[in-house]
Visitor: 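Supplied in structure tokens, the structure appears directly below.
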Number of protein chains: 2
Amino acid sequence: MADLDDIDHALLRLLRQDARRTFSEMAEKVGLSVAAVKRRVDRLRELGVITGFTAQIDYAKLGWGIEAFTELRYSGSAPVSEIIRTATVAPEVQAIYTTAGDPDALVSIRARDMRHLQQVIDTLRRAGNVTGTKTLMVMDVWTRSDVDPMTPTRPSAPSGQSGQSGSPGPSGPTRGGPTRGSGTNRLPGASGPSSTRPRPAS
Amino acid sequence: MADLDDIDHALLRLLRQDARRTFSEMAEKVGLSVAAVKRRVDRLRELGVITGFTAQIDYAKLGWGIEAFTELRYSGSAPVSEIIRTATVAPEVQAIYTTAGDPDALVSIRARDMRHLQQVIDTLRRAGNVTGTKTLMVMDVWTRSDVDPMTPTRPSAPSGQSGQSGSPGPSGPTRGGPTRGSGTNRLPGASGPSSTRPRPAS
DNA sequence: GATGAAATCATAAATCG
DNA sequence: CGATTTATGATTTCATC
């Protein structure tokens, strides 16, 4: 797990709010020189903490006003690769989350209208060995925005997993939805300055 | 619904792949001048098609290796605002999708480990009038990345459409977190609402 | 109404201390 | 890490179709 200091977290927060910010602007906000900021951002990318930069799009404005989540159940023990393959057949599928437990997967779908959604679901049902689906129509979306990427804060306890570094990722594909600036994203029990990396902020 | 031509879609695709691309680079790729590209991107922002630019972060690298979706059920008829409020109490909640039907909402959660996730869910259960929850642990995530924002593809048939084959292609942040940012300080341009624009595809 | 070209200003990238 | 220099890109203006 990368060891980042407060400035690195501040940079992540700034880039999260606006990925097109200039280094100059960020430098001013965090109190470092432009060169230092660039070096840090480059490092964050090398570390894989920042995986990329993307534009957020309001699909509804492009004519794709329907958003839904469909739970998929497969027969037998379908391997993850199989699940992803089948769900990928439809271009309307935006994301696929393979899960442990009852539904075997949860897929995020974007469609133009109900009829279109129906077709997508039918396609999914026919692909591979899907035994059942359950669809949730999304009415409204709220995504955390005020946030800065969470700071590591001390691990709560030796319990579950530890590793799993792959590259998970929640994600609500953009949606013109509402955005509320509320929650803080500081951890409740958080405390300790987790930063392990000595980095004089000056 | 905004009327965009092929070049606009190409720009959306390019910015989706890498939001920090320079106008010069995009200009070269789409075959227009830098000025023209800037004008179009500014317009896409004014239209609200592009809602912002954000950095995609690998939370696992920050020590948040657990990702889960929790379905929430509320007693009575909890209004959307109430649902969002309660789910927002936990900073670990990344996104909230209020849905029509059985679960009243689906929330995306990020946690350090199982124990931590447990705490978050407990918090949600206690907040507001949540009557039940069901959690899906995310094992793997796949998000559409090869794509360009879906093109409206002409509603080919009577009712809605049938051939959804056009050239859609949703796209999800390659793998990052919930997205939602908004302001960009670059690309200001915004000024007057530019009314519809029937434009020659050049 | 939209574009391209050129001039000006801002920012990024590279180098050096 | 900061400062300076140099290269590149962003913006605005203006003339053209």
Side-chain angles (χ1 to χ4, degrees), chain A residues 2-47 49-50 52-56 61 193 195-202, chain B residues 1-50 52-55 151 181-202:
Chain A
D3 65 313
L4 315 177
D5 63 16
D6 293 343
I7 292 181
D8 287 316
H9 281 284
L11 292 175
L12 288 177
R13 183 175 61 74
L14 291 172
L15 285 173
R16 208 152 158 56
Q17 295 175 341
D18 178 5
R20 284 184 75 91
R21 258 185 232 281
T22 62
F23 288 120
S24 323
E25 185 190 343
M26 295 187 275
E28 189 180 0
K29 289 185 187 287
V30 305
L32 279 187
S33 68
V34 173
V37 169
K38 178 180 170 15
R39 277 190 286 265
R40 280 174 181 257
V41 173
D42 285 344
R43 172 170 170 268
L44 289 171
R45 297 194 55 164
E46 284 168 21
L47 288 174
V49 171
I50 290 177
F53 298 98
T54 192
Q56 298 166 270
K61 288 242 167 63
S195 178
T196 328
R197 183 169 55 140
R199 199 78 64 113
S202 159
Chain B
M1 182 180 109
D3 67 314
L4 315 176
D5 62 17
D6 293 343
I7 292 182
D8 287 317
H9 281 284
L11 292 175
L12 288 176
R13 183 175 61 76
L14 290 172
L15 285 173
R16 195 134 178 74
Q17 294 175 343
D18 179 3
R20 285 184 75 91
R21 261 185 227 281
T22 63
F23 287 122
S24 322
E25 185 189 344
M26 295 187 277
E28 189 180 2
K29 289 186 186 286
V30 304
L32 279 188
S33 68
V34 174
V37 169
K38 177 185 167 12
R39 278 190 289 263
R40 294 175 86 116
V41 173
D42 285 346
R43 173 172 169 266
L44 288 171
R45 283 183 48 86
E46 285 168 25
L47 289 174
V49 171
I50 290 179
F53 298 98
T54 193
T151 67
S182 297
T184 293
N185 29 357
R186 217 103 192 285
L187 312 171
S191 47
S194 48
S195 38
T196 26
R197 177 180 59 157
R199 112 189 50 50
S202 174

Visitor: Please name the residue in the list A/Arg39, A/Arg40, A/Lys38 that meets the salt bridge (Lys or Arg N to Asp or Glu O under 4.0 Å) test with A/Asp42.
Guide: A/Lys38
Visitor: Whole-Å distance between C/dT3 C1' and B/Ile7 CD1?
Guide: 11 Å
Visitor: Give the rounded distance in Å between these two atoms: CZ of A/Phe23 and C1' of D/dC1.
Guide: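 For the pair A/Phe23 CZ and D/dC1 C1', the rounded distance is 16 Å.
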Visitor: Atom CD of B/Glu25 to atom C1' of C/dA12: distance rounded to whole Å?
Guide: 14 Å
Visitor: Look only at the side chain of A/Arg16 and the backbone of B/Thr54, and say whether a donor-acceptor pair between them is shorter than 3.5 Å.
Guide: no
Visitor: Is any side-chain nitrogen or oxygen of B/Ser24 closer than 4.0 Å to OP1 or OP2 of D/dA10?
Guide: yes
Visitor: Would you indicate what A/Val34 reaches in the nucleic acid, counting non-hydrogen atoms under 4.0 angstrom: base, sugar-phosphate, or nothing?
Guide: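 Touches nothing.
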Visitor: Quick check for you: among D/dA10, C/dG4, C/dA12, whose closest atom lies nearest to any side-chain atom of B/Ser33?
Guide: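 Selected nucleotide: C/dG4.
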Visitor: Which listed nucleotide (D/dT11, C/dA13, C/dT3) is nearest to the side chain of B/Arg39?
Guide: C/dT3
Visitor: Expressed in angstrom and rounded to an integer, what is the separation of B/Asp42 atom CG from D/dG9 atom C1'?
Guide: 15 Å
Visitor: Got B/His9 and B/Arg13 here, is their nearest side-chain heavy-atom distance under 4.5 Å?
Guide: no
Visitor: Would you indicate which nucleotide in D/dT11, C/dT3, D/dC1 comes nearest to any side-chain atom of A/Ala36?
Guide: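 Of the candidates, D/dC1 comes closest.
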Visitor: Looking only at side-chain atoms of A/Leu32, point me to the closest of C/dA12, D/dG2, D/dT11.
Guide: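 Among C/dA12, D/dG2, D/dT11, the one nearest the side chain of A/Leu32 is D/dG2.
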Visitor: Mind listing the closest non-hydrogen atom pair of A/Ala19 and B/Ala55 along with its distance?
Guide: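 Closest approach of A/Ala19 to B/Ala55, heavy atoms only: CB-N, 3.9 Å.
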Visitor: If only atom types and distance count, is the side chain of A/Arg20 paired as donor or acceptor with the main-chain N or O of B/Arg21 below 3.5 Å?
Guide: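 Confirmed, A/Arg20 side chain pairs with B/Arg21 backbone.
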Visitor: Check every atom of D/dG2, C/dG4, D/dT12 against the side chain of A/Ala35 and return the nucleotide holding the closest atom.
Guide: D/dG2
Visitor: Can you check whether A/Arg21 has a side-chain N or O nearer than 4.0 Å to OP1 or OP2 of C/dT11?
Guide: no
Visitor: Round to a whole Å and report the spacing from CZ of A/Arg40 to C1' of C/dA12.
Guide: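 One finds 19 Å between C1' of C/dA12 and CZ of A/Arg40, rounded.
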Visitor: Given D/dA10, is OP1 or OP2 found less than 4.0 Å from the side-chain N or O atoms of B/Lys38?
Guide: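 No, outside the criterion.
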Visitor: Within this structure, what is the CE-to-P distance between B/Met26 and D/dT8, rounded to whole angstrom?
Guide: 18 Å
